[in-house]
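Quick caveat, the model's predicted, so the values are computed rather than measured. Just follow the structure's listing: the first ligand is 1, and inside any ligand the first atom is 1.
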Amino acid sequence: MARDFEQIGIVGAGLMGSGIAQVCAQAGMRVILMDTDAGALEKARENITWSVGKFIEKGKVKEDKDTVLSRISGTTSLKDLKDVEIVIENVYENSDLKREVFKDLAAVVSENTLLATDTSAIPITEFAAVTRYPERVLGLHFFSPAQMMRAVEVIRGVTTSDAVMDDGIAFVEKIGKRPIRVERDIAGFLLNRINFPSTIEAIRLVEEGIATVAEIDEGMRLAFGRRMGPFETGDMVGLDVMMTAMMSTYEETKDMKFYPPVLMQRKVTAGHLGIKTRKGWYDYNEDGTRKD
Ligand SMILES: NC(=O)c1ccc[n+]([C@@H]2O[C@H](COP(=O)([O-])OP(=O)(O)OC[C@H]3O[C@@H](n4cnc5c(N)ncnc54)[C@H](O)[C@@H]3O)[C@@H](O)[C@H]2O)c1
């Protein structure tokens with residue numbers, strides 16, 4: 001059946017969930033943003049309000065702020081997602097937690113709802129396997145910041161139907177992004193399989209004292225036309241999130257090229273997770289700008 005994607009559910013209102021909610025609202029969709037933590041919902045609204053303002057200032061959003069914001073409602077109850085056409089799960093990168101959420105979701109949504117996960121690296125068939133609707137589970141992997149990055153991987157699990165893949169592609173196009181088809185469900189999917197080894201090599205070069213973090217970032221920006229170097233990206237994504245995703249990819253492949261280097265592991269242990277903790281590869285001020 002054709003879906004209009006007028007009403008979207010998002011579970012998890014952190015960095016990714018709030019960014020995706022904003023993208024959908026800017027595309028004219030109504031969004032129900034669910035999080036078990038009411039504080040996270042409040043923070044998400046503040047961040048979205050600020051970010052929509054920036055898009056309007058730059059002329060990239062033509063509607064007024066209140067119109068866009070009025071399309072997003074927050075809730076702490078999963079039951080409020082019962083009428084949405086697609087749910088995009090964005091809770092912590094933890095397989096057990098995500099499985100629980102998928103189990104609970106399947107009990108709440110209608111029998112036509114698409115169930116998508118934004119996991120960074122966990123094979124999505126793990127979540128399909130615990131629902132009553134495995135053919136309707138797919139991966140929609142966004143990149144941070146979701147408001148800016150245009151690529152979204154659309155991932156086919158072992159049980160995902162062709163129609164659901166097509167619907168996933170249509171949804172991504174409707175929010176103004178470019179779908180990147182991933183036809184097989186492997187840990188790390190497509191783009192991170194390419195990106196992780198390069199990030200890991202950059203960290204190893206720092207460990208060996210070959211160059212500094214700042215030098216590598218600037219070199220990568222200037223040499224390869226990237227907007228951010230690997231360490232700047234790491235601080236934005238969160239070192240914990242990235243390390244967990246590398247580990248999932250390593251666990252499946254047993255290939256050391258995906259194994260998070262010791263320096264990264266220690267930083268995560270120390271709580272130096274990037275912009276969100278004001279300290280990661282770089283130090284940050286309260287407003288998230290970098291201390292230089
Ligand atoms: N950070 C990135 O750059 C990035 C990029 C792509 C994908 N991802 C993936 O997106 C997901 C979310 O990452 P994030 O960086 O936004 O995390 P985050 O820590 O910013 O947010 C996670 C949110 O999930 C909420 N949550 C936890 N348990 C919940 C539950 N049972 N029900 C509802 N909400 C719950 C938390 O309260 C929190 O607000 C992860 O799977 C991550 O790997 C992250």
Under 3.5 Å: donor-acceptor pair, side chain of D185, backbone of T125: yes

Donor-acceptor contact present, side-chain Q26 to main-chain V61, <3.5 Å: no

To check your reading of the model: name the closest protein heavy atom to [atom], its residue, and the distance in Å.
| atom | result |
| --- | --- |
| atom 32 (N) of ligand 1 | T36 CG2, 3.6 Å |
| atom 19 (O) of ligand 1 | Y92 CE2, 3.2 Å |
| atom 21 (O) of ligand 1 | G14 CA, 3.3 Å |
| atom 23 (C) of ligand 1 | D35 OD2, 3.7 Å |
| atom 28 (N) of ligand 1 | L97 CD2, 3.7 Å |
| atom 1 (N) of ligand 1 | V237 O, 3.0 Å |
| atom 41 (O) of ligand 1 | E93 OE1, 2.5 Å |

Shortest heavy-atom approach to atom 4 (C) of ligand 1 - which of E89, M16, M236: M16

Closest candidate by heavy atom, reference atom 40 (C) of ligand 1, pool V91, N90, T119: V91

Applying a heavy-atom cut-off of 4.0 Å, say which part of [X] lies close to ligand 1: side chain, backbone, both or neither.
| X | result |
| --- | --- |
| H141 | side chain |
| L15 | both |
| V11 | side chain |

Test: E201 and K257 ion pair at under 4.0 Å: no

With the side chain counted from C-beta on, respond yes when [X] and [Y] share a heavy-atom pair under 4.5 Å apart, and no when they do not.
| X | Y | value |
| --- | --- | --- |
| I216 | M220 | yes |
| K82 | S110 | no |
| D217 | P230 | yes |

Using a 4.0 Å cut-off to any heavy atom of [X], which atoms of ligand 1 qualify?
| X | answer |
| --- | --- |
| S120 | 6 (C), 7 (C), 8 (N), 9 (C), 42 (C), 43 (O), 44 (C) |
| D118 | 7 (C), 8 (N), 9 (C), 10 (O) |
| K98 | 40 (C), 41 (O) |
| S144 | 2 (C), 3 (O) |
| D37 | 37 (O) |
| V101 | 31 (N) |
| A40 | 39 (O) |

Y259-Y250 aromatic ring centre distance below 6.0 Å: yes

Give a yes or no on this: more than 12 heavy atoms of other residues, nucleotides or ligands lie within 6.0 Å of atom [atom1] of [X].
| X | atom1 | answer |
| --- | --- | --- |
| E183 | CD | yes |
| E135 | CD | yes |
| K276 | NZ | yes |

Residue of the set R221, R227, R226 for which salt bridge (charged side-chain N to carboxylate O under 4.0 Å, His left out) holds with E232: R221

[X] touching ligand 1 at heavy-atom level, < 4.0 angstrom:
| X | value |
| --- | --- |
| E100 | no |
| K276 | no |
| F142 | yes |

Protein non-hydrogen atom found under 4.0 Å from atom 17 (O) of ligand 1: no

Full working for ring-ring contact (aromatic ring centres under 6.0 Å, His included) between F196 and F258: CA-CA 6 Å; F196 285 165; F258 297 116; 7.0 Å; no

Interatomic distance, I155 atom CD1 to T117 atom OG1 [nearest 0.5 angstrom]: 8.0 Å

Y284 and Y282 aromatic ring geometry - parallel, tilted or perpendicular at 30°/60° bounds: perpendicular

